[in-house]
Peer 1: 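Below you will find the structure I want to go over with you.
Because the structure is a prediction, the values reported are computed rather than measured. The sequence lines fix the lettering, A, B, ..., with proteins before strands; numbering per chain opens at 1.
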Amino acid sequence: MNIRRCGDQALLVDVGDGGIDAVLGLYSALSDPRPDGVTELVPAARTLLVRFDPAIIGAGELAELLAGTEPVPAQEMRGELVEIPVHYDGADLAEVGKHTGLGPDGVVEMHTAAEYTVAFGGFAPGFGYLTGLHPKLHLPRRATPRTHVPAGAVAIAGEFTGIYPRSSPGGWQLVGRTDIPLWDPARRPPALLRPGTRIRFREVR
Amino acid sequence: MIEVVRPGPLTTVQDLGRPGLAALGVGRSGAADRRSAALANRLVGNLDGAAVLETTFGGLVLRFRQVARVVVTGAPCPVRRGRRGEAMNAPFTVWPGEELVLGAPTSGLRTYLAVRGGIGVDKVLESRSTDLLAGLGPAALSEGDVLPVGRDECGPLPSVEVAPVPDPAGFGLTVRVMPGPRDDWFTAEALRTFATATYEVTSESNRVGVRLTGPVLERAREGELLSEGMVPGAIQVPPSGLPLVFLADHPVTGGYPVIGVVLTDDLPVMAQARPGQTVSFRLVSAALPAAA
């Protein structure tokens, strides 16, 4: 674990080879309750950003606290399980089927077979990067991003799958769509998918 | 109620934003120059969390339908109430039917207008801030909008006729920067350049960030950095080698290395940087102090 300064009110913890499991484990250990003075936790692929209020905790003291925090082991993180109904009719499904040699039906079978975990967000309110995608489905992003991806689009890119919470530009390969509302500012919490949430996709025709 | 006669180039409602929600993809947002916004609230007796108007490059014309105690802070601009001139940083009363006109600022970029009771638009996730990047909160003001004056908790009116604050600098800016967290992605030469060169603010700047032009910062290592959390003041260096300083509506995570972070106390200076103005960075120690 490597702790770096990120300005006067944040530290960046780099878990290195520990990867997403280590980030989520550290995020879980610090989330509930947050240590005094910690104002925000931002998990990402290899790092956890910890923002703090210097009036309550000093950078040195916080660094020591972080270094002494035991990450929650992956097998003990049992976040809420959410089932997402998906119409597998995405614009890139045929292409993904061809590229992987699985065919469209094989892609759907493989995408619905796994259990995923929300590792982190950050692209837009309510968007989650889901880990657990079968390595056979690891594909690069589209060479030319689409200027308009519809809300609810279920997509894959690299080692991740995800769902666009609202229409936006995007370069991921679109395999399907869901009607489930992912983001509702009036709901508490507003995001359906939060770091640690477990996901299963179910095919609907 | 306050009617928007003309919104100017960009006027938004801002408060202290939405802290603590970054894990859900929601940035803090809020006033870009938090110091000027806080001063505005204090001068009309509001609490710090009240919503104010943040106007970029002036040009805002409002018509008041009710009596209101107001104040204008931040980038200094000509202020006209009906046929009278009013001063910056000095609270005054606007009467029903009167027009309030904010002209173009003479230095700085963002001017703040607070009304006693706050701007009373609906809250989204506990905040009235417009987040232009995430698309949260009220839309930027348009001609014909009508804004309610809020009924937020107020304290007594301070017995201050004018607050003695310096105007934002109209010439070269210097801000203090703590190196890291990814300064090790750059060559020693690039770090020297970063600490000594003068950069110029481009017109591509907005509430998301201040884009700069000047000497290119070369990387010591190739490859892509995996996405990681960002903070306001983070100076991100994309493949162009030209730094970009994140402001209030910065993305929650980003994939380009951050060479340094502007100190919180100097962020209001960055938020007032206008296109064409120069910025230089002064490095301060990033060593972690021992725990007390």
Peer 1: If you measure from the Lys or Arg side-chain nitrogens to the Asp or Glu carboxylate oxygens, is any gap between Asp131(B) and Arg28(B) under 4.0 Å?
Peer 2: no
Peer 1: In terms of the angle between their ring planes, are Tyr116(A) and His111(A) parallel, tilted or perpendicular, with boundaries placed at 30° and 60°?
Peer 2: tilted
Peer 1: Out of Val284(B), Val26(B), Val261(B), return the one with the most heavy atom pairs under 4.5 angstrom to chain A.
Peer 2: Val261(B)
Peer 1: Name the region of Leu11(A), side chain, backbone, both or neither, that has any atom closer than 4.5 Å to a heavy atom of chain B.
Peer 2: side chain
Peer 1: Tell me if the centroids of the rings in Phe281(B) and Phe194(B) come within less than 6.0 Å of each other.
Peer 2: yes
Peer 1: Looking at Asp92(A) and Arg142(A), is any side-chain nitrogen of the basic one under 4.0 Å from a carboxylate oxygen of the acidic one?
Peer 2: yes
Peer 1: Answer with side chain, backbone, both or neither: which region of Tyr129(A) has an atom nearer than 4.5 Å to a non-hydrogen atom of chain B?
Peer 2: neither
Peer 1: Is a salt bridge present between Arg176(B) and Asp266(B), judged by a nitrogen-to-oxygen distance below 4.0 Å?
Peer 2: yes
Peer 1: Could you check whether any side-chain N or O of Thr47(A) sits under 3.5 Å from a backbone N or O of Ala44(A), counting only pairs where one atom can act as donor and the other as acceptor?
Peer 2: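 No; judged by distance alone, with no hydrogens or angles, the pair does not exist.
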Peer 1: Is chain A contacted by the side chain of Val258(B), its backbone, both, or neither, given a heavy-atom distance below 4.5 Å?
Peer 2: neither
Peer 1: Without hydrogens or angle criteria, can the side chains of Glu218(B) and Thr187(B) be said to hold a donor-acceptor pair below 3.5 Å?
Peer 2: no
Peer 1: Which region of Ala287(B), side chain (C-beta onward) or backbone (N, CA, C, O), has a non-hydrogen atom less than 4.5 Å from a non-hydrogen atom of chain A, or is it both or neither?
Peer 2: backbone
Peer 1: Below 4.5 Å from any heavy atom of chain A, which atoms of Leu226(B) appear? Answer side chain, backbone, both or neither.
Peer 2: side chain
Peer 1: Taking side chain as everything from C-beta outward and backbone as N, CA, C, O, which of these in Asp122(B) sits under 4.5 Å from a heavy atom of chain A? Side chain, backbone, both or neither.
Peer 2: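 Neither; nothing under 4.5 Å.
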Peer 1: Which heavy-atom pair separates Leu24(A) from Gly196(A) by the least distance, and what is that distance?
Peer 2: CD2-N, 3.8 Å
Peer 1: Identify which part of Pro251(B) has an atom lying under 4.5 Å from any heavy atom of chain A, answering side chain, backbone, both or neither.
Peer 2: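 Neither part.
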Peer 1: Tell me, for Leu133(B) versus chain A, whether the close heavy atoms (under 4.5 Å) come from the side chain, the backbone, both or neither.
Peer 2: backbone
Peer 1: Identify which part of Ala45(A) has an atom lying under 4.5 Å from any heavy atom of chain B, answering side chain, backbone, both or neither.
Peer 2: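 Answer is both: backbone and side chain atoms of Ala45(A) are under 4.5 Å from chain B.
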Peer 1: Given heavy-atom pairs under 4.5 angstrom as the criterion, report whether the side chain, backbone, both or neither of Ala59(A) touches chain B.
Peer 2: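 For Ala59(A), backbone and side chain are both near chain B.
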Peer 1: What part of Leu41(A) is in contact with chain B, defined as an atom under 4.5 angstrom from a non-hydrogen atom: side chain, backbone, both or neither?
Peer 2: backbone
